[in-house]
J.: 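Mind looking over this structure? Questions follow.
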Amino acid sequence: MSQAVCILGATGSIGQSTLKILQQHPEAYSVFAVTAQSRITELAEICQQYRPKVAVVPANKVDELSQLLQVQGLSDIEILQDEAGLISVAEHPGVDIVMAAIVGAAGLLSTLAAVKAGKRVLLANKEALVMSGDIMMQAARDYGALLLPVDSEHNAIFQCLPQNYFDAERNGQPKLGVHQILLTASGGPFLNYSLEQLHDVTPAQACKHPNWSMGQKISVDSATLMNKGLELIEACHLFAVQEQFVTVVVHPQSIIHSMVQYVDGSTLAQMGNPDMGTPIAHALAWPQRISTHIPALDLFKHSQLNFQEPDVVRFPALKLARQAMKSGGIAPTILNAANEIAVAAFLNQQIRFTQIPQVVETVLNQMDNQPAHDLDTILHADHTARGLSQQYVVNKGS
């Protein structure tokens, strides 16, 4: 029987990769709903090809999409708008699987709605878990949602853990013989740059990742290593371990996507070509496996794999993220909000690359930490941190 899929963020790189996998298995999956923020022409093309029942766009884009769909003879596709529309399709009873691929804090409420509706949630939006990790994981347990990681690293860890790992108590300690999680990082495009060189890098350079094809925001996060910091926080929540049990390993080839070390001395690694289609297909079909267009790894071609420790002097964002996770409460929310504003400012050439972690650290120091007991507290912290970050950008931008 075909499963209905809702893609939150259909025009982004993860959304496009998801559609590519679904296209290869039309008998198993259908597209129920798609959403987009600004690429309305691309969304209309997706609607033409996949014929979803619902499309969601911002209120000021409804007319544009409606006109495009009418021209294509697709006026039967329902158009919803804004956050309410995202939540509506995420929790819709006709949806079986939700791909949560909206970038940043904007994806939090719709992802949480999908979890509370008990869906199979394919989590590509790491920021949602960074901001509300305890709430999100508790909701998954309370509502019987299946939360499956799509980030290549967390998907790799998931594949390397014992199958009954998630049945064990969530107490912050590794369990079932697990000793340590090794989270791999490519190191980004500036791995071998000096601090002086980092001072003058441009947005175009930062967005040119050596191994992966990604959107602008995540590309800059990869370049600062903040992406790995956010992934560290995400791993702690997904796999119920404290931050000291997650070690970041720089692996420039991006062939080993992450590893799990066990108490008997074993280290299990998941390997593959750097293509998001693999973890997407794994999360879609788990515990089964489905075929993809991605070729098997050629070990003769990739005969040398390198590993090194991350340099937190040149890339302090990783250290800030680890500290935020250790502090707990609203600290990860502050970290994420400040980083989103700082990255946007860098992309707009308002601040330098090396000022991104400075914005984050300044705002973390300015705000008092407190427990993240509820969503209102988290959203208020997010709003406050963004305002302080904007002030910093205005005052310090050069």
Side-chain angles (χ1 to χ4, degrees), residues 5-19 31-72 74-92 94-95 98-117 119 121-128 131-132 214-221 333 336-337 339-341 343-345 347-348 375-376 378-380 382-383 385-387 389-390:
V5 182
C6 165
I7 305 176
L8 302 174
T11 59
S13 61
I14 296 293
Q16 294 284 350
S17 293
T18 303
L19 289 166
V31 179
F32 182 91
V34 290
T35 84
Q37 177 67 21
S38 57
R39 298 175 188 162
I40 307 305
T41 302
E42 288 95 323
L43 188 69
E45 291 169 358
I46 289 169
C47 289
Q48 186 173 31
Q49 183 172 356
Y50 294 93
R51 304 296 171 104
K53 289 182 169 59
V54 189
V56 185
V57 292
N60 63 354
K61 301 288 185 181
V62 169
D63 288 345
E64 182 184 349
L65 180 61
S66 178
Q67 289 169 10
L68 289 168
L69 294 183
Q70 281 180 3
V71 168
Q72 297 170 355
L74 299 175
S75 53
D76 59 326
I77 294 177
E78 183 181 6
I79 302 175
L80 301 179
Q81 63 189 45
D82 295 339
E83 190 85 66
L86 295 175
I87 291 171
S88 177
V89 292
E91 64 186 15
H92 196 285
V95 168
V98 175
M99 167 55 80
I102 295 173
V103 176
L108 171 59
L109 295 180
S110 51
T111 302
L112 190 56
V115 169
K116 288 184 174 180
K119 306 296 185 186
V121 180
L122 279 47
L123 190 66
N125 174 300
K126 64 178 67 66
E127 293 89 350
M131 292 173 67
S132 66
M214 305 181 294
Q216 283 191 320
K217 195 267 181 182
I218 192 172
S219 295
V220 175
D221 281 348
T333 299
N336 179 71
N339 180 64
E340 284 193 26
I341 296 300
V343 169
L347 288 168
N348 290 328
L375 210 51
D376 286 343
I378 290 166
L379 293 174
H380 182 262
D382 177 78
H383 178 75
R386 287 171 189 274
S389 303
Q390 291 282 17

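Hydrogens, waters and symmetry mates are skipped; everything else that's a heavy atom, side chains included, is used. Worth saying up front: this structure is predicted, and the values here are computed from it rather than measured.
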J.: Does any N or O in the side chain of Glu83 come within less than 3.5 Å of the main-chain N or O of Leu109, such that one atom is a donor and the other an acceptor?
T.: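 No, the answer is negative, given that no donor and acceptor are paired below the 3.5 Å cut-off.
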J.: So which atom in Ala101 and which in Ile14 form the shortest heavy-atom distance, rounded to 0.1 Å?
T.: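 Minimum heavy-atom separation between Ala101 and Ile14: CB-CG2, 3.7 Å.
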J.: Keeping the roles fixed (side chain from Ser88, backbone from Ala84), state whether a donor-acceptor pair exists under 3.5 Å.
T.: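 No, the answer is negative, given that no donor and acceptor are paired below the 3.5 Å cut-off.
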J.: To check you understand the geometry: which heavy-atom pair defines the closest contact between Asn339 and Asp221, and what is its length?
T.: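 Nearest heavy atoms, Asn339 then Asp221: ND2-OD1, 2.9 Å.
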J.: What is the distance from atom CD of Gln81 to atom CG of Leu86, rounded to the nearest 0.5 Å?
T.: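 Here the rounded value is 10.5 Å.
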J.: Would you check if Val31 and Ile46 make a side-chain contact, meaning some heavy-atom pair closer than 4.5 Å?
T.: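 No, every pair of side-chain atoms sits at 4.5 Å or beyond.
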J.: First locate atom CD1 of Ile7, then atom CD of Gln16, and finally report the distance between them rounded to the nearest 0.5 Å.
T.: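 Answer rounded to 0.5 Å: 9.0 Å.
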J.: Say you draw a straight line from CG of Leu43 to OG of Ser38; how long is it, rounded to the nearest 0.5 Å?
T.: 10.5 Å
J.: If you look at every heavy atom in Ala113 and Ile87, which pair is closest and at what distance?
T.: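 That would be CB-CG2, 3.7 Å.
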J.: State, to 0.1 Å, how close Val89 and Val95 come at their nearest heavy-atom pair, and which atoms those are.
T.: O-CG2, 3.6 Å
J.: Between Asp382 and Ala337, which heavy-atom pair has the shortest distance, and what is it?
T.: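 Taking every non-hydrogen atom into account, OD1-CB, 3.4 Å.
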J.: List the residues meeting side-chain contact (heavy atoms from CB on, under 4.5 Å) with Ala117, not counting sequence neighbours, and say none if there are none.
T.: Glu91, Lys119
J.: Would you mind writing out the side-chain donor-acceptor pairs for residues 54-68 within the sub-3.5 Å range, not counting sequence neighbours?
T.:
none

J.: State the OG1-CZ distance between Thr333 and Arg386, to the nearest 0.5 angstrom.
T.: 10.0 Å
J.: Roughly how far apart are Ile77 CD1 and Arg51 CZ, rounded to 0.5 Å?
T.: 7.0 Å
J.: Which heavy atom of Thr111 sits nearest a heavy atom of Ala100, and at what distance?
T.: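 Closest pair (atom of Thr111, atom of Ala100, distance): OG1-CB, 3.5 Å.
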J.: Only counting residues at least two apart or in another chain, list the ones meeting ring-ring contact (aromatic ring centres under 6.0 Å, His included) with Phe32.
T.: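 By the ring-ring contact (aromatic ring centres under 6.0 Å, His included) rule, Phe32 matches His92.
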J.: Mind running side chain to side chain contact (heavy atoms under 4.5 Å, CB included) on Tyr50 and Val34 for me, showing each step along the way?
T.: CA-CA 10 Å; Tyr50 294 93; Val34 290; over 6 Å; no
J.: With side chain to side chain contact (heavy atoms under 4.5 Å, CB included) as the test, would you mind laying out the steps for Val5 and Leu122 before giving the verdict?
T.: CA-CA 10 Å; Val5 182; Leu122 279 47; over 6 Å; no
J.: To the nearest 0.5 angstrom, please state how far the CD1 atom of Ile218 sits from the CD atom of Glu127.
T.: 7.5 Å
